[in-house]
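Order of the sequence lines sets the chain letters (A, B, ...), proteins ahead of strands, with each chain counted from 1. Please read all numbers here as calculations on a predicted model, not as lab measurements.
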Amino acid sequence: MHSIQLRLSAALVAILLVALSFLSWQTANRAESFLLPEVEQKADTVGRSISSLVGRALEVGVPLDDLRGIDGYFGRILSSNEDFTGIALVAPDGRVLYSTGSIDVAANQNVVRLPVGDSAKPSAEIAIGLDPGFARTIVYKLWIDLAIVMFVTALVALELVHISFGAGVYGAIEGVENRVHAIRHHDLRQHPDVDDAGTFGQLAAMIDRRLRAVVERYQALLRWSEDNAARLADQLRELKARYRLGETSAPSTTMAALAVRAPLFVFMFAEELTRPFLPIYIQQLASPIPGLSPTFVISLPMVVFLAIVALTQPVLGGLTERYGRRRSLVLGAALGALGFCASAFATDLISLTLARAVSAVGFALVFVGGQGFVIDNTSTSQRARGLAIFIGAILVAGLCGPPIGGILADRLGIRGAFLVAAVVAALSLLLAMICIPNVPGHRPTGAPITRRDFVNTLKSPKLVALFFFCAMPAKIILVAFCFFLVPLQMKDIGHDQATIGRMLMIYPMAMVLLVPSFAALADRWKQRVGFVAGGGLVAGLAALLVLIDAGSLFTIGAMLLLLGIGQAMSIAPQSALVGELGRELPEPVGDGPLYGIFRLIERTGNALGPAIAGFLLGLYGFSTTVVLIGLMMALGALIFTITVFTIRSSRGEKSLPQVGDQPV
Amino acid sequence: MKRRQFLELGLGLGAGAAASLAGIQAGFGQQPGDGQKVIYRITYRGRTAVEEGFDDYLAANGANVRFIERDANRDTAKLPEFVREIKEMKPDLVYTWGTPVTLGIAGRYDAPDKADYVTKIPIVFALVSAPVQAGIVKSTAHPGRNVTGAVHVVPTETQIRAMESYLPFKKMGVLYTLSEQNSVSIVEELRALQGKLGFQLIERTFRMVDGKPSAEGIPELLAEIKQEGAEWLYLLPDTFLGTQYKTVVPAALSLKLPTFGAAELAVREGGALVALVARYYSVGQLAASKALKILEQGIPPEDIPIETLKRFSLIINMKVAKELDLYPPIEMLNYAEVLTG
């Protein structure tokens, strides 16, 4: 991204953050001021119920000094009221008869007192100690919530800025930047026109007129000189070569490809909304199937979804090419919306699975159509950047979707959240109709994957190790942990869906922030194998953290963070290694089919993820399942390393780093 | 209390002379007419809270019924006459109170000659503690004959748990009659529960004189129980023990041995510290729900399981608690009934 664009975006986000910070500060401040009276009010209510029970004991003749079972009674109250520090029963003469927890009955602050019996002449007094830190903890948690909402809002805002300005203002700014940049580097080539009537568009046009004038004068000079002196002509030709006078630079931007970002982002956002609550919803609808463990049954709709996505993509690639990308995106968005609607009204596991299957076909259509659109509208050299835009939209959707989905599910219920997802998917349909130009389809041009490609690819032990011991386990662990095990476990230990959604942000956040840096480092140090293996080990061994405490948010969060770091380390080098190792094949396989096979194996991993997790969860429970899947991943990384280093061969030439095109 | 007056009238006249009262309406505000059902009700010792619960339940459900009231007045010799009358009047349902009345009207399920019993008209009983042991039915889950009803005993395990929550214990004593089958089977149940609930049972039986249980030596037996370290004396529903509360309970009290009763009488009149009981009123309601199933839904009694209550009443005798200086844990006062008198 160019500097002006970056600064503009930063400025927009900064304004938004200031506004949001102010609002959040106001909210948190007010929360503190009405939270404390609430806590006191509750202590008063609890105190009344204690007082009435003690009053009854005294009334039926139990002496005040001889009450039994007070410790257990007070203890149970304390354990269900985190905001109380202690409870005491005080005699009229001030003696503390019974006391549980820590409480200073003489304190003036943070103690609620209630009389037992007649308040004018009480027979005893109940004192409840309040924890002054409790309100602070609540407000602190509120701050975390607000910060996350702020973060997501800023990201969505940035995305909206891209969508609304993408081909317009940003394009014009980029055009001007390209021109100035080129001139500074003594490059006087002409540039493609900027289609913008605004200030930046005019500026670009002005530069273009100047450049044309220079070229015209130069060419006049050249013609004149040809007639006069061959020597002068030579010198001028050298000038032409130096400043590239009269040439037109290739369009350096990926403007056209940008058009897909809006519908793609919105559609992916709809799908990501379902992450925190989908497994819980399935669990609610599922009824036992004899012979299958309940957790395995829960995984079935997810397996069906991911299997359809994996299996239909190779077929859909050609189909969307033939029928047009726009139609594919529109049809995909429509199927997606239909699937979400049907999911909202599902009554049992079968109907939900069918609804998810419809959504899966929609998802695959949008994904393949969007990817194809980028490929259609970029040259080979621009493709990496074009695909980066594509992946960027998916990653940002993955970051924003789960927390918002969790909040929606908590407020509207899961069925309501599904309906919102349907509306969002319908919006992506509209955007696809508006943004994507209607270009008729054509006969597929890409070479389909043949059986021979498969056989040739699988002849390389290194590629086999990379595919089956790194790429596939990486997808299994991702889908198993983020989409399945963590939401279910967090629900079991009593967290709401908003918290689950926030937890699911950790992984994409690590990816967004770290993938570019790790990709650059791996290339600079020429350590792709090391990064792939190291990443696999980090991600896999992260699972061992659950052995500390599977019921703690901190442990689960740390595990997801390490999983994200590990995957961020390996994902780009892994993709690059496919090309690198592919060139070592005795019988060459084209990059197209090679990457096609790679993605197919990755997607198979996606579909296996919930199935494996569901199966193991039913047998061994959460912790063991997580550890087993993690160890499988780490072991895969080791096998890959051993394979690469035992079968040493000449290092392949350095190839361009490729960005994965998976839901990362 | 119009209903109460009818009853006193019925009792005063005695069962034989009550035939003329056969048409008395129970008074649920409905006129005799189409669809009104007739219940022939036999009590053992006059009207109790069981019948109050039974009538209130039917009234609350808008049942259109009338009663033919009979009372055995603690005399089972009157029962054959009732059987004859039932066969003649053909009521829709017969209600029986307690084991002796139920056996006298329905007979054993395996009786060789059933001519002297009611075997076709549905019978709903209340207050039979062990219908299977008494031979009224083969199984409570599926009676398999024209009899169903409501059992009033609290499950033994529930009793022990209540005892434990009042005062945790390791050893518990029982004093029972060896010739009472019901008591023997409860003691067997207690033995089986020792491992599960982690306590030790100390057993003593009443001395037998001429094949009959005797009150002789009760203080000595209790002293032995106390000597062996019992922390509770469990007063199980033993008929002979029921007649000896006045001897047993004060003796236990003087030994500072707390007593836990399985019958309401044990705590209300017998002076036990605590009892966990099924309320007569609630038992009546449960029996009425069975009657309604037969009368209104047409379910045959052989398919209606015999049940006991799910919720029971804990009664604490505060006077005794004070004497023993053993007051109930404070949270028990949330649900217990406390006797302070």
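Heavy atoms of other residues, nucleotides or ligands lying less than 6.0 angstrom from CD of B/E189 number more than 12. The local environment of NZ in A/K42 is crowded, with over 12 non-hydrogen atoms from other residues, nucleotides or ligands closer than 6.0 Å. The environment of OH in B/Y281 is crowded: more than 12 heavy-atom neighbours from other residues, nucleotides or ligands sit within 6.0 Å. The environment of A/R48 atom CZ is sparse: at most 12 non-hydrogen atoms of other residues, nucleotides or ligands sit within 6.0 angstrom.
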Requested in this report: Begin with the C-alpha distance, continue with both residues' side-chain angles, and end with the deciding distance and a verdict on side-chain contact (heavy atoms from CB on, under 4.5 Å) for A/V62 and B/M318.
Outcome: CA-CA 8 Å; A/V62 184; B/M318 220 48 181; 3.0 Å; yes
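Here the straight-line distance linking atom OH of A/Y73 with atom CE of B/M332 works out to 14.5 Å at 0.5 Å rounding. B/L333 CG to A/L53 CG: the interatomic distance, rounded to the nearest 0.5 Å, is 6.0 Å.
With a 4.5 angstrom heavy-atom cutoff, A/L67 touches chain B only via side-chain atoms.
For the residue pair A/R68 and B/L326, the shortest heavy atom distance occurs at NH1-CD1, 4.2 Å.
Heavy-atom pairs under 4.5 Å with chain A peak, among B/I330, B/T340, B/I316, at B/I330.
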